[in-house]
Amino acid sequence: MTATNANSTAPLAGIKVIDWTEVQSGPSCTQLLAWMGAEVIKIERPGGDPTRTELLDIADSWSVYYLQLNSGKKSLTLNVKTPEGKEVLTKLLKEADLFIENIGPGDVEKMGFGWEQVHAINPRCIMASLKGFGQKSRFAHVKAFEPVAQSAGGAASTTGWNEGSFNVPTQSAAALGDSNTGMHLTIGVLSALLQRERTGEGCYVYQSMQNAVLNLCRIKLRDQIMLDNLGALPHYEVYPDWNWGRAIPRAENTEGGQVIGWCYKAKGWETDPNAYVYIVVQNSEKAFKGLCEAIGKPELATDPKFTPWNNRQLHKDELYPIIEEYTKQYDKYELTDKLGAAGVPVGPVLDWYEIENDPDLLADGTIPEIDQGGARGKFKTIGLPFTMSNFKPDYTRAPDLGENNAEILESLGYTADEVKEFTEKGVLEAPVTPSNPAVKVITYAEYEAQQKAAK
């Protein structure tokens, strides 16, 4: 553990993290650790994290993708395949509290930095690995990306529609395989740090992307067990007219529980694809009566088709248009205000332009602004997802590639001449600032015009 200000309220002040991760799943974990006050040293292979130059949008800047996942870290460009690179990593591990990696299956072991080797180097160091599948899985050797994890974790088979041309397993736009796995790994390493307080010894934390997705999909296992026992599921949209098979169907737009949840058109839906609200019709007759009164249809509360709750499940296709007749009169913000005041669970469907500029999210720090400097200037990100009464994260810029090479190596006892020699030999890559041309996205119309001109 590194020295720190005893008065600091940063939860991880004094914790040193060696971050051998790249792209999104691993960096989303170490990003949270950095924001909680840990010193995070990001080891980057020659050329750097692929996301530095992936999905570029402006000239002479690292991508927003990279910046949003590596704020406040230090960058060390280290070729760990060289003897000198192995020596540097070994010295770093001797001082580390956490060593986190998400490189290819089996790669750290091949390079001599598996759990047994790391534990021998520093018994107090906690090592954490993030991979696609479990250690004993028959797919442990498989490299996983976001949709692979969603598919193997049970999310894709239960997402989407059951009929029509879009009846295919569908992945969520939410990063269930990547950022979600990083969040789960964060829970694991924080638990390991607490455990070390008692044992004095580090342990090995292993997090698979499949398991992280499964954890978010636990209610689908609940539904599968219910289907095994009942043969049908009244809380699914396809009930009652569905030919039930062995596995649960896709959830379509339902809430997921016994209540009736659905997305309804709001005023302006004809031109705005996100002019919708999500409303939950609760089971209790008191709550249903409150909804009926709020939409100006009190008679529905005593209609035998809609009461008690199990009758509503049988006739929900009749209930949807009645509710939507009301919702189309008001915009989604008015609906949220009016129905919310009546005790109805409701929320606006916010598009990402609205979220990017939401006054509440900006004011409370959910979406902080980071000054990267250079061509990028200030950019927005999704900050630490929780708040603490006595701590606010310090959102600082992401490092240039290899920006901290000299600082880190000199702290390990290497001289400036040795750092220069390592750079010349390819052990280190010389620091690099972003230098990319202006980005031009070609529309399909422009592409067609180019093709015509070429003929």
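Side-chain contact between I367 and I355: present, with at least one pair of heavy atoms (C-beta onward) separated by less than 4.5 Å. Looking only at side-chain heavy atoms (C-beta outward), T387 and T366 stay at 4.5 Å or farther from each other. You'll find the side chain of L221 stays beyond 4.5 Å of the side chain of R218, heavy atoms only. Using a 4.5 Å heavy-atom threshold, the side chains of Y278 and N253 count as touching. The shortest side-chain heavy-atom distance between Y276 and K265 falls under the 4.5 Å cut-off. In this structure the side chain of V277 never reaches within 4.5 angstrom of the side chain of Y330, judged on heavy atoms. M209 places a side-chain heavy atom less than 4.5 Å from the side chain of D178. A 4.5 Å side-chain heavy-atom check between S61 and L56 finds every atom pair outside the cut-off.
With hydrogens and angles disregarded, a donor-acceptor distance shorter than 3.5 Å links the side chain of E354 to the backbone of D351. Side-chain atoms of Q31 come within 3.5 Å of backbone N or O of N70 as a donor-acceptor pair. A distance-only check finds no donor-acceptor pair linking the side chain of T327 to the backbone of A266 [under 3.5 Å]. A donor-acceptor pair under 3.5 Å links the side-chain atoms of N436 to the main chain of D60, judged by distance alone. At least one donor-acceptor pair closer than 3.5 Å links the side chain of Q224 to the backbone N or O of R246. Judged by distance alone, with hydrogens and angles left aside, the side-chain atoms of D97 form a donor-acceptor pair with the main-chain N or O of K16 at under 3.5 Å. Although no hydrogens or angles enter the test, the distance criterion places a donor-acceptor pair under 3.5 Å between the side chain of N122 and the main chain of L93. In this structure a side-chain-to-backbone donor-acceptor pair under 3.5 Å is present from K86 to M111. Side-chain atoms of N211 do not come within 3.5 Å of backbone N or O of G134 as any donor-acceptor pair. Distance alone, capped at 3.5 Å, places no donor-acceptor pair between the E54 side chain and the Y66 backbone.
The line from CD of E356 to CD1 of I382 is 9.5 Å long, rounded to the nearest 0.5 Å. The line from CG of N215 to CG of L176 is 11.5 Å long, rounded to the nearest 0.5 Å. Atom-to-atom distance recorded for E448:CD and T443:OG1 is 9.0 Å, nearest 0.5 angstrom. Between the SG atom of C29 and the CG atom of L130 there is a distance of 7.5 Å, given to the nearest 0.5 Å. To the nearest 0.5 Å, the span separating CG on L185 from CG on N180 amounts to 11.0 Å. The CH2 atom of W115 sits 8.0 Å away from atom CD1 of I126, with the distance rounded to the nearest 0.5 Å.
Between the side chains of D394 and T396, not a single donor N or O lies within less than 3.5 Å of an accepting N or O. One side chain, Y414 or E87, offers a donor N or O that lies under 3.5 Å from an acceptor on the other. Side-chain contact annotation: N102 with S25, donor-acceptor N/O pair under 3.5 Å present. For the residue pair E146 / Q150, a side-chain donor-acceptor distance below 3.5 Å is found, with atom types taken as modelled. One side chain, N167 or R250, offers a donor N or O that lies under 3.5 Å from an acceptor on the other. Side-chain contact annotation: D417 with T415, donor-acceptor N/O pair under 3.5 Å absent. For the 3.5 Å distance criterion, the side chains of N162 and Y236 fail to qualify, holding no donor opposite an acceptor. Under the 3.5 Å distance criterion, with hydrogens and angles disregarded, no donor-acceptor pair is assigned to the side chains of E255 and H235. Donor-acceptor pairing under 3.5 Å is lacking for the side chains of Q135 and Y204. Using modelled atom types, one finds no donor on one side chain facing an acceptor on the other under 3.5 Å when comparing S75 with D400. Side-chain atoms of Q171 and S151 include no donor-acceptor pair closer than 3.5 Å. There is no side-chain donor-acceptor pair under 3.5 Å between T82 and K425. In the model, E101 has a side-chain atom that pairs as donor or acceptor with a side-chain atom of S129 under 3.5 Å.
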Assess the residue pair T181 and H184 against the criterion (side-chain contact (heavy atoms from CB on, under 4.5 Å)); give the C-alpha distance rounded to whole Å, side-chain angles, the decisive distance to 0.1 Å, and a yes or no. CA-CA 5 Å; T181 305; H184 277 80; 5.5 Å; no
Before giving the answer on side-chain contact (heavy atoms from CB on, under 4.5 Å), spell out for T53 and Y65 the whole-Å C-alpha distance, their side-chain angles and the decisive distance to 0.1 Å. CA-CA 9 Å; T53 54; Y65 192 11; over 6 Å; no
I'd like to know whether I58 forms a side-chain contact (heavy atoms from CB on, under 4.5 Å) with R376, so could you lay out the CA-CA distance, the side-chain angles of the two residues, the decisive distance to 0.1 Å, and finally the verdict. CA-CA 8 Å; I58 65 173; R376 173 68 61 181; 3.9 Å; yes
List the steps and the verdict of side chain to side chain donor-acceptor pair (under 3.5 Å) for Q24 and S179. CA-CA 6 Å; Q24 183 181 170; S179 281; 2.8 Å; yes
Test salt bridge (charged side-chain N to carboxylate O under 4.0 Å, His left out) on K440 and E446; report intermediate values, then the result. CA-CA 11 Å; K440 171 63 176 175; E446 290 171 328; 3.5 Å; yes
Between V40 and L98, is the side-chain contact (heavy atoms from CB on, under 4.5 Å) condition met? List the steps. CA-CA 9 Å; V40 178; L98 294 170; over 6 Å; no
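Scanning all heavy atoms of the two residues, the minimum distance from P46 to E429 falls at CA-OE1, 3.3 Å. When all heavy atoms are compared, the tightest approach of P249 to V238 is CG-CG2, 3.9 Å. Residues T170 and T159 come closest through the heavy atom pair O-CB, 3.2 Å. Closest of all the heavy-atom pairs between A34 and S71 is CB-O, 4.0 Å. Across G402 and P431, no two heavy atoms sit closer than the pair O-CG, 3.3 Å. When all heavy atoms of A149 and G177 are compared, the pair lying nearest together is CB-CA, 3.8 Å.
Counting non-hydrogen atoms of neighbouring residues, nucleotides and ligands closer than 6.0 angstrom, the CD atom of E163 reaches no more than 12 such neighbours. Within a 6.0 Å radius of CZ in F145, other residues, nucleotides and ligands contribute 12 heavy atoms or fewer. Annotation: E116, atom CD; neighbour count of heavy atoms from other residues, nucleotides and ligands within 6.0 Å does not exceed 12.
A salt bridge is absent between K267 and E334: the closest approach of a Lys/Arg side-chain nitrogen to an acidic carboxylate oxygen does not fall below 4.0 angstrom. Between R397 and E403 there is a salt bridge, since a side-chain N of the basic residue sits under 4.0 Å from a carboxylate O of the acidic one.
Screening I41, V108, L92 against W20 for a side chain to side chain contact (heavy atoms under 4.5 Å, CB included) leaves a single residue, V108. For the side-chain hydrogen bond (donor to acceptor under 3.5 Å, both in side chains) criterion with K42, the lone passing option out of T30, T77, D49 is D49.
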